[in-house]
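Index from 1, following the sequence. Below, each value reflects all heavy atoms present in this structure, side chains not excepted, and no hydrogens, waters or symmetry copies.
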Amino acid sequence: MMLKIALLFGLIAISSGEDAKEKVQVTVFYESQCGDSIRFFKRQVKQAYDVLNQHIDFEFVPYGKAVHEKLNDNYKFTCHHGSTECDYNKVQSCAIKYSPDQNTTVSFLSCVMGTYQQSSVLESCAKQSSLDLGKLNECAAGNEGDELHAKHGDRTNSFRPSVSYVPTIVLNGVYDSTTQYEAEYNLLATVCKKLKTKPEACKTS
């Protein structure tokens, strides 16, 4: 009898551990100078992540409606809101690569995406997130930044249905317009709907 009870508690513990690890993948296709993208980061990303960080697996793709081509081993980019947007997209691409963890990525992106004038906050955002701004700028200004930006472009262009609006928000790899609308205006509640076992934060969202 005692053995059965022990086994039962063991199964409950394993089940609870699996629930704690349950995650929703949230892919965000966006561009650095888009007003809707900025609003989404300011009002949704960090707020949802602060309370559901154990249950969200973010994929950030800073590219949006840009286009690129490779000519003689060099990339040429044309961004939706001009060359400044390309520059900021590249800095964010480099930050995504060099962030040691998701907490750092969310912290930095939420900080810089709080304003259109991102060059004015890069230093403070990097410091707040413990990222090496010199390394990010070096990355963004060189071939590495181009390669990362192009990679995000390829990811954007290969997604189906095609990305025609930013931010496009995809949960668990599947896009639908209803989830897009709900996530854009209440990411926390939308992620909660996808979780089989609701953490405490979902019960008050």
Side-chain angles (χ1 to χ4, degrees), residues 26-49 57-159 162-170 180 183-184 187:
V26 180
T27 300
V28 183
F29 296 98
Y30 72 101
E31 52 196 23
S32 62
Q33 293 287 279
C34 164
D36 291 322
S37 295
I38 288 172
R39 175 180 46 78
F40 177 67
F41 272 87
K42 287 177 72 171
R43 299 182 182 179
Q44 302 299 327
V45 172
K46 192 169 188 300
Q47 291 84 337
Y49 186 73
D57 184 11
F58 273 119
E59 177 192 13
F60 295 109
V61 188
Y63 187 84
K65 300 178 184 179
V67 295
H68 68 276
E69 58 181 331
K70 195 170 187 178
L71 302 170
N72 300 321
D73 295 327
N74 294 311
Y75 282 102
K76 178 183 178 181
F77 297 94
T78 304
C79 290
H80 187 202
H81 297 94
S83 60
T84 297
E85 181 166 79
C86 289
D87 294 340
Y88 292 161
N89 285 349
K90 291 178 188 178
V91 170
Q92 293 183 33
S93 297
C94 292
I96 291 165
K97 176 177 179 178
Y98 286 108
S99 290
D101 52 44
Q102 185 168 229
N103 292 341
T104 304
T105 306
V106 171
S107 172
F108 180 79
L109 295 184
S110 297
C111 184
V112 296
M113 286 295 289
T115 177
Y116 287 98
Q117 304 300 323
Q118 293 176 15
S119 58
S120 67
V121 298
L122 277 177
E123 184 174 358
S124 60
C125 290
K127 185 176 181 180
Q128 169 190 300
S129 308
S130 299
L131 286 172
D132 183 342
L133 181 57
K135 186 173 186 178
L136 298 187
N137 284 334
E138 181 181 2
C139 166
N143 292 335
E144 186 176 22
D146 287 350
E147 292 286 350
L148 292 172
H149 199 201
K151 182 186 77 171
H152 285 141
D154 293 340
R155 173 74 172 108
T156 301
N157 294 334
S158 66
F159 186 77
S162 59
V163 174
S164 59
Y165 171 80
V166 286
T168 287
I169 305 142
V170 181
Q180 160 74 33
E184 187 174 354
L187 180 61

Q) To the nearest 0.5 Å, what is the distance between CG (Asn89) and OG (Ser32)? A) 4.0 Å

Q.
Regarding Tyr49 and Asn103, do their side chains bring together a donor and an acceptor under 3.5 Å, going by distance alone?
A. yes

Q. Which atom pair, heavy atoms only, marks the closest approach of Ala126 to Leu133?
A. CB-CB, 3.9 Å

(Q) With rounding to the nearest 0.5 angstrom, report the CD to CD distance, Gln33 to Glu85. (A) 6.0 Å

**Q.** Atom pair OG1 (Thr27) and CZ (Arg155), whose distance is rounded to the nearest 0.5 Å
**A.** 5.5 Å

**Q.** Test item: Val91 and Cys139 side chains (from C-beta on) under 4.5 Å apart, heavy atoms
**A.** no

Q | Atom pair SG (Cys86) and NZ (Lys76), whose distance is rounded to the nearest 0.5 Å | A | 11.0 Å

Q: Using atom types as modelled and distance alone, determine if a side-chain donor or acceptor of Gln92 lies under 3.5 Å from a backbone N or O of Tyr63.
A: no

Q | Intermediate values then yes/no, ring-ring contact (aromatic ring centres under 6.0 Å, His included), Phe60 and Phe41 | A | CA-CA 11 Å; Phe60 295 109; Phe41 272 87; 5.7 Å; yes

Q: Please list, chain by chain and in numerical order, all residues satisfying ring-ring contact (aromatic ring centres under 6.0 Å, His included) with Phe77, sequence neighbours excluded.
A: His68, Tyr75, His149

Q.
Holding to salt bridge (Lys or Arg N to Asp or Glu O under 4.0 Å), I want the full list of residues that pass it with Asp146, two or more places apart in sequence or in another chain.
A. Lys90

Q.
Taking the side chain as everything from C-beta on, heavy atoms only, tell me whether Tyr88 gets closer than 4.5 Å to Val112.
A. no

Q | Counterpart residues, salt bridge (Lys or Arg N to Asp or Glu O under 4.0 Å), relative to Asp36 (two or more places apart) | A | Arg39

Q) Got a donor-acceptor contact below 3.5 angstrom from the Glu31 side chain to the Cys79 backbone? A) no

Q.
Would Tyr30 and Phe40 count as a ring-ring contact (aromatic ring centres under 6.0 Å, His included) here? Give the steps.
A. CA-CA 10 Å; Tyr30 72 101; Phe40 177 67; 8.8 Å; no

Q) Atom CD of Glu144 and atom NZ of Lys135: how far apart are they, to the nearest 0.5 Å? A) 8.0 Å

